[in-house]
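In this chain, numbering begins with 1 at the start of the sequence shown. Because only heavy atoms are used, hydrogens play no part in the values below, and waters and symmetry mates are left out as well, while side chains stay in. First listed ligand is number 1; within each ligand, the first listed atom is number 1.
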Amino acid sequence: MGFKFCSITSGSSGNCIYIGTPKVNILVDAGISGTKVQAGLEKIGVNPASLHGILITHEHIDHIKGVGILSRRFDLPLLATAKTWEAMEAMGKVLGKIAPHNKVVIEKDKDFILKDLVIHPYPIPHDAADPVGYTFVHSNKKISIATDLGHVNDQIKDNIRESNLILLESNHDIDMLINGSYPYYLKRRILSNFGHLCNEAAGKILAEVFHDKLEAVILGHLSKENNYPQLALNSVKKQLLSAGIEQDGRFELTVAKREDVSEFFSL
Ligand SMILES: [Zn+2]
Ligand SMILES: [Zn+2]
């Protein structure tokens, strides 16, 4: 039970995830203010001063809003690919000044180890400089993070296979998006191959990577305008059922809260 996961917030107004092992405490993204991240960590009993770093998926503001301030406040390393660093630095004040020793460059598709945690960044199709998802392995358990996906490809499936816990994007309901109030260019962007994943696609990929040791799936990065938790759950369950998978009781299926700390998982 030494592998811990908690979504601090999830959605277009900011994403932040906590992952812990007996020896490591890290965040994936901090797309909310430093104060909100600290408040969230306090709720789950994690001291921000005990963090070992922040892994960054990509430079969109809903993923990096608070990373600069947290790095300065707690002397935290930020880990991102070279191209993501370039893109973040081009955003000027959003990131602010980062101490050279806290600027860590990672490479896609190359595992690295933080004490008792193996981390694997993998490429994802999304309209950012060099976006990645992450998988984490600790003591034979695997956690995968897969959000901000324009579409699903074999690479994503292969990376998230055999996970015990998955945070999976279930961004929008296609009909709500098409009939909703978003301007045309935004609808085009979200629906594109480099935008966000719809509920139906989330259900389909889940059916494909489902296995008996899957313990929990957290649907995340839900759109505020074009989705709601019960709809995301129903759509995903429907896809699972049509693949012959009865969710009830076999694994936990839940939705990450947009503005608050979600359920705390121990694997
Ligand atoms: Zn994004
Ligand atoms: Zn995002």
- the Zn ion (ligand 2) -> H63, closest N, O or S atom is NE2
- Output the atom name for the N/O/S atom of D62 with the smallest distance to the Zn ion (ligand 2). OD2
- Note on the structure: Result for side-chain hydrogen bond (donor to acceptor under 3.5 Å, both in side chains) between N15 and one of T57, D62, D148, T147 points to D62
- Counting only N and O atoms by type, is there a donor-acceptor contact under 3.5 Å from the side chain of H126 to the main-chain atoms of G150? no
- Please state whether the rings of F194 and H151 are parallel, tilted or perpendicular, taking 30° and 60° as the class boundaries. perpendicular
- the Zn ion (ligand 1) -> H60, closest N, O or S atom is ND1
- Going by an N to O cut-off under 4.0 Å, is there a salt bridge joining K204 and E208? no
- Message: Under 2.8 Å from the Zn ion (ligand 2), can any N, O or S atom of H221 be found?
- Response: yes
- Message: Between the Zn ion (ligand 1) and D148, which N, O or S atom of the residue is the nearest one?
- Response: OD2
- Message: In terms of relative ring orientation, are H63 and H58 parallel, tilted or perpendicular, with 30° and 60° separating the classes?
- Response: tilted
- How wide is the angle at the Zn ion (ligand 1) between NE2 in H126 and NE2 in H58, to the nearest 10°? 100°
